[in-house]
2 protein chains.
Amino acid sequence: MSEIPQNEPNVVSTIADKICNKLQNAIVEGIIPAGSKISEPALASEYGISRGPLREALSRLEACYLIERKPNVGARVVTLTREHLVEIYLIRESLEGLAARLAAENMSDKDVNELDALLEEHKHQIVQDQSYYQKEGDMDFHFRIVKGSNNSYLIDMFSNDLYHLIRLYRYQFGMVSKRVPRAFVEHGQIVDAIRQHDGELAQFLMSRHISNSRKNVEKMLDEHLAISD
Amino acid sequence: MSEIPQNEPNVVSTIADKICNKLQNAIVEGIIPAGSKISEPALASEYGISRGPLREALSRLEACYLIERKPNVGARVVTLTREHLVEIYLIRESLEGLAARLAAENMSDKDVNELDALLEEHKHQIVQDQSYYQKEGDMDFHFRIVKGSNNSYLIDMFSNDLYHLIRLYRYQFGMVSKRVPRAFVEHGQIVDAIRQHDGELAQFLMSRHISNSRKNVEKMLDEHLAISD
DNA sequence: AATAAGGAAATTGTCGACAATATAGTCGTA
DNA sequence: TACGACTATATTGTCGACAATTTCCTTATT
């Protein structure tokens, strides 16, 4: 339990593990397009492996909502919809709100200082490259809070399920917004609440932070859809 | 997505599916004891199947937190701890709170009436057999609310992950409490809030309902541990 | 020309065997 | 006797082949 999502290619022993990571990235980046059928023989030969470990990997991709499988028919990459994105945001509001509350109750001063250092780092990066912050930086922050909750199931659900879904939608709907400075401020507020061990406030702020983000995305999607019509 | 947990043995085509269901029940009921090592050859021959579909099933059991696997070492049934049980309850408070809110916003009058009918059913069953209500009946109610949320990820997480964990702990820690009548009243309050489409109230009541349940279980575990010392 | 039935091709599900790794046991030495 | 290295055994990971099912194409009939 409590796997850390491997940004830098971590030491993973088994072929199924490695292929699973590769496929996760391939799906997130759209190399394997959303909605497309997955052919086991084709994929296996493409990666130079047998169907055994590939199927093991597919099984995990299904568990983290990146593909859907039907018995005797096969696997398809999930399709991205506005509705599903909203659903994910709602779950994040709930789950990460809880995470923030628990983090406020559990995190040591040392942990909080590390969080602070991360924010300081982000502050500089924002000036240079907003897009970085919007992608990896934001993720780092949220993941740090979730880890701070010390709830193994929460950590697991976030890093195994939600993490990849968030990346998938960020990557493919990839819209850069003007919310970055505002989001950064909100991050600061959340850290303050955690430092004061004010669980209720941390929960409220985190929930609202993600809710704001959701509303922003919903608005942008509306506009975007309006344009393409 | 959105699998319904199969109480009555549903039509499942593939061997891996069937074996997965059997193993889920075997683990929940303790036929395969908590913490025990799982030998693939032994299990495969016991169920008269090959290791292929068995491994597929194990992969899913890992995804729903019933076993833990280490590469090149093997799988063990998870061990049940007070800490993990509390963690699960905290997540339920959060997630099912959200579910109740969404159910209040989304459920049609017809759905609410069906919920009511379920409660009416439960009212009679309580008189006859409290233990039934505590196990399956309670589960029915909570699952109905989650379905009412209309959030596919929520439905999926509940019926694939949390469902089995809840059953596991209920079965193995299996303690009958005096909370049944109180829990029934709380269920009624939640349905009322949903009927009035009062999302905030439904969320609050559901969260508190599960929180009460958690506190009750914590207390009972303390007493139980005190006895065995 | 459109639809249905039948068969051919391809894909998924399952199996048994082999390779790689970990575990258990044995022997030797301090 | 206790500890460590080495060997043997057992278990997990991977592979290729076969069986079962679906999908696609061809053909025949109305």
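First the proteins, then the strands, lettered A, B, ... as listed; each starts at 1. As the structure is a computational prediction, the values presented were derived from the model and not from experiment.
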Problem set entry | Upstream residue (5' side of DNA chain D) when A/Ala16 and A/Pro71 are each assigned their closest nucleotide | A/Ala16
Exercise. Under 4.0 angstrom, heavy atoms only, what part of the nucleic acid is B/Ile38 near: base, sugar-phosphate, or nothing?
Worked result: sugar-phosphate
Exercise. To the nearest Å, how far apart are A/Asn72 CG and C/dT14 C1'?
Worked result: 11 Å
Exercise. Without hydrogens or angle criteria, can the side chains of A/His122 and A/Asp140 be said to hold a donor-acceptor pair below 3.5 Å?
Worked result: no
Problem set entry | A/His187 and A/His142 aromatic ring geometry - parallel, tilted or perpendicular at 30°/60° bounds | perpendicular
Exercise. Can you tell me if the side-chain N/O atoms of B/Lys37 get under 4.0 Å from OP1 or OP2 in D/dT12?
Worked result: yes
Problem set entry | Rounded distance in Å - CD1 (B/Ile15) to P (D/dA20) | 11 Å
Exercise. Is any side-chain N or O of B/Thr14 closer than 4.0 Å to OP1 or OP2 of C/dT14?
Worked result: yes
For this session: Assign each of A/Val73 and B/Glu40 to its nearest nucleotide of DNA chain D by heavy atoms, then name whichever residue's nucleotide is nearer the 5' end.
Result: B/Glu40
Exercise. B/Ile49 CD1 to C/dG16 P: how many Å, rounded?
Worked result: 11 Å
Exercise. Between B/Tyr153 and A/His84, is a ring pair (Phe, Tyr, Trp, His ring centres under 6.0 Å) present by the stated rule, with each step listed?
Worked result: CA-CA 8 Å; B/Tyr153 293 103; A/His84 275 101; 5.4 Å; yes
Exercise. Is any side-chain N of the basic residue among A/Arg76 and A/Glu68 closer than 4.0 Å to the acidic one's carboxylate O?
Worked result: no
Problem set entry | Rounded interatomic separation in angstrom, taking CZ from A/Arg51 and C1' from C/dT12 | 6 Å
For this session: Quick one: label A/Gly74 by what it contacts on the DNA or RNA (base, sugar-phosphate, nothing), any heavy atom closer than 4.0 Å.
Result: sugar-phosphate
Seminar exercise, completed: When rounded to whole Å, the CZ to P distance for the pair B/Arg55 and D/dC15 reads 12 Å
Exercise. Atom CZ of B/Arg76 to atom P of D/dT12: distance rounded to whole Å?
Worked result: 11 Å
Exercise. Given atom CD of A/Glu56 and atom P of C/dT14, what is their separation to the nearest angstrom?
Worked result: 15 Å
Exercise. Yes or no on side-chain hydrogen bond (donor to acceptor under 3.5 Å, both in side chains) for A/Ser108 and A/Asp111, after CA distance, side-chain angles and deciding distance?
Worked result: CA-CA 5 Å; A/Ser108 68; A/Asp111 291 335; 3.2 Å; yes
Exercise. Given C/dT21, is OP1 or OP2 found less than 4.0 Å from the side-chain N or O atoms of A/Ser13?
Worked result: no
Problem set entry | Distance, rounded to the nearest Å, where B/Leu54 contributes CG and C/dG13 contributes C1' | 15 Å
